[in-house]
Every structure is written in structure tokens, then in C-alpha cells.
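So the structure is just underneath, and the comments pick up after that.
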Amino acid sequence: VQLQASGGGLVQAGGSLRLSCAASGRTFSSYFVGWFRQAPGKEREFVSGISWSGGSTSYADSVKGRFTISRDNAKNTVYLQMNSLKPEDTAVYYCAANPKSGIRVGLYDYWGQGTQVTVSS
């Protein structure tokens with residue numbers, strides 16, 4: 001599975017962005033997909049994840065109520081809708097895929113290249 005994240009950019013606090021994670025590979029629809037982020041000087045952290053069917057989602061406490069993850073298996077794409085963005089959301093965002101669900105970085109077999117999100121105050 002090859003992943004490509006896109007949709008990042010510069011936005012003011014309170015604004016919105018939608019990230020996309022496009023995948024290649026016939027088995028993508030059977031993978032759990034997670035979004036992670038890494039701010040300068042910090043460790044990569046779990047943001048949100050979605051099961052292969054889309055029926056199960058999970059979020060970090062810091063983004064609950066503001067971010068929404070979804071997927072369209074027909075398009076081999078997972079989305080992360082980010083609303084009410086805060087300066088502390090500034091980071092490089094990565095999507096990753098794994099046969100099983102989880103929040104640990106080390107669990108994931110496949111990673112996209114990352115997309116920069118910058119939120120100005």
C-alpha cells in the first residue's frame with residue numbers, strides 16, 4: 001500500500017482544512033487508517049483513526065469535537081476534516097495504514113509523506 005497525504009496549508013485560528021490520504025493498492029479497503037502529527041521538537045502522536053468499514057472511529061482527546069475522520073473505499077481515500085483549528089494543531093500530518101487498529105506509531109506498516117498544517121493566531 002502506498003499513501004499520499006495532501007490538503008495541508010496555512011490557516012488562521014478558528015479556520016478549517018480537509019486533509020486527504022489517497023492510497024494505491026487493491027487491499028487498502030481492508031486496512032485501518034490513522035492520522036498522526038508531529039510538531040517541531042515533539043514526538044509523532046496519534047490524531048485519529050478509522051476502521052476498514054468506516055464504522056469505527058477514534059480520536060485523540062485534543063481533537064475530539066473538532067476533527068472528523070471518514071473514508072471512501074471506492075476512491076481509496078481517507079479524509080480528515082479539521083474545524084476550529086488552533087495554533088497548537090500546527091504540525092506535519094501523516095496518514096498511515098495497518099491491518100489492525102491502534103494508536104502506537106510503531107504498529108503501522110505504511111506511511112504517507114506528510115503534509116504541513118500551520119495555524120496562525
Side-chain angles (χ1 to χ4, degrees):
V1 176
Q2 292 184 325
L3 306 174
Q4 184 167 359
S6 62
L10 173 63
V11 64
Q12 289 187 334
S16 298
L17 284 173
R18 188 177 79 157
L19 304 184
S20 298
C21 176
S24 61
R26 293 177 295 172
T27 60
F28 174 73
S29 61
S30 65
Y31 280 73
F32 184 91
V33 175
W35 282 99
F36 293 77
R37 65 187 181 187
Q38 187 166 18
K42 294 188 176 182
E43 293 187 351
R44 193 169 298 187
E45 64 176 3
F46 174 81
V47 175
S48 182
I50 189 166
S51 63
W52 67 270
S53 68
S56 177
T57 59
S58 55
Y59 298 92
D61 287 344
S62 58
V63 306
K64 279 181 182 176
R66 299 189 297 122
F67 291 10
T68 302
I69 192 170
S70 61
R71 70 189 295 164
D72 185 340
N73 286 335
K75 296 182 178 179
N76 275 4
T77 303
V78 171
Y79 305 98
L80 185 67
Q81 178 67 44
M82 306 186 298
N83 299 329
S84 302
L85 283 162
K86 304 175 181 179
E88 51 263 45
D89 294 319
T90 295
V92 178
Y93 283 71
Y94 299 88
C95 59
N98 189 61
K100 297 181 179 180
S101 65
I103 66 172
R104 290 195 297 115
V105 171
L107 284 175
Y108 286 78
D109 298 326
Y110 305 99
W111 290 85
Q113 85 287 4
T115 184
Q116 176 70 47
V117 172
T118 303
V119 184
S120 63
S121 57

**Request:** Considering non-hydrogen atoms only, spot the tightest contact between I103 and F36 and give its length.
**Result:** O-CE2, 3.5 Å
**Request:** Can you see which heavy atom on V11 is nearest to which on L85, and at what distance?
**Result:** CG1-CD1, 3.6 Å
**Message:** More than 12 heavy atoms of other residues, nucleotides or ligands under 6.0 Å from CG of L107: yes or no?
**Reply:** yes
**Request:** Establish whether Y110 and V92 are linked, either directly or via other cluster members, by ILVMFWY side-chain heavy-atom contacts under 4.5 Å.
**Result:** no
**Complete:** Here the gap from Q113 atom CD to L3 atom CG, rounded to the nearest 0.5 Å, amounts to 9.0 Å
**Asked** What is the minimum heavy-atom distance between C95 and A5, and which atoms define it?
**Response** SG-CB, 4.1 Å
**Asked** Taking NZ, NE, NH1 and NH2 as the nitrogens, is one of them in K64 or D61 under 4.0 Å from a carboxylate oxygen of the other?
**Response** yes
**Side-chain touch F32/S58, heavy atoms, less than 4.5 angstrom** = yes
**Request:** State, to 0.1 Å, how close F46 and Y108 come at their nearest heavy-atom pair, and which atoms those are.
**Result:** CE1-OH, 4.5 Å
**Request:** Carefully, step by step, assess M82 and V117 under the rule side-chain contact (heavy atoms from CB on, under 4.5 Å).
**Result:** CA-CA 10 Å; M82 306 186 298; V117 172; 3.9 Å; yes
**Item:** Contact summary for S84 and S16, nearest pair of heavy atoms
**Value:** N-OG, 4.3 Å
**Message:** side-chain contact (heavy atoms from CB on, under 4.5 Å) for R66 and D89? Distances and angles first, verdict last.
**Reply:** CA-CA 11 Å; R66 299 189 297 122; D89 294 319; 2.7 Å; yes
**V78 side chain reached by W35 side chain, heavy atoms, under 4.5 Å** = yes
**Asked** Applying salt bridge (charged side-chain N to carboxylate O under 4.0 Å, His left out), which residue pairs with at least one partner in residues 94-109 are found, sequence neighbours left out?
**Response** none
**Message:** Minimum heavy-atom separation for R71 and I50, please, with both atom names.
**Reply:** NH1-O, 3.6 Å
**Complete:** Residues at least two apart in sequence or cross-chain that pass side chain to side chain donor-acceptor pair (under 3.5 Å) with K42, listed by chain then number, are none
**Asked** Is the backbone of S53 close enough, under 3.5 Å, to the side chain of N73 for a donor and an acceptor to pair up by distance?
**Response** no
**Message:** So does T90 get a backbone contact from the side chain of T118, meaning a donor-acceptor N/O pair under 3.5 Å?
**Reply:** no
**Message:** Within this structure, what is the CG-OG1 distance for the pair L80 and T68, rounded to the nearest 0.5 Å?
**Reply:** 8.0 Å
**Message:** With a 6.0 Å cut-off (strictly less than), is the heavy-atom count around CD of Q4, excluding the residue itself, greater than 12?
**Reply:** no
**Prompt:** In Å, rounded to the nearest 0.5 Å, how long is the span from CD of Q12 to OG of S121?
**Reply:** 9.5 Å
**Request:** I would like to know whether R44 and W111 meet side-chain contact (heavy atoms from CB on, under 4.5 Å); could you show each step before the answer?
**Result:** CA-CA 12 Å; R44 193 169 298 187; W111 290 85; 3.4 Å; yes
**Fill in**
Taken to the nearest 0.5 Å, the spacing of Y79 OH from L19 CG works out to 12.0 Å
**Q2 atom CD, neighbour heavy-atom count above 12 within 6.0 Å** = no
**Prompt:** So, do R37 and S62 sit near enough that their side-chain heavy atoms are less than 4.5 Å apart?
**Reply:** yes
**Asked** Tell me, do Y31 and P99 make a side-chain contact under 4.5 Å, heavy atoms counted?
**Response** yes
**Asked** Do the side chains of V1 and Y94 join up, straight or via other hydrophobic residues, at under 4.5 Å, putting them in one cluster?
**Response** no
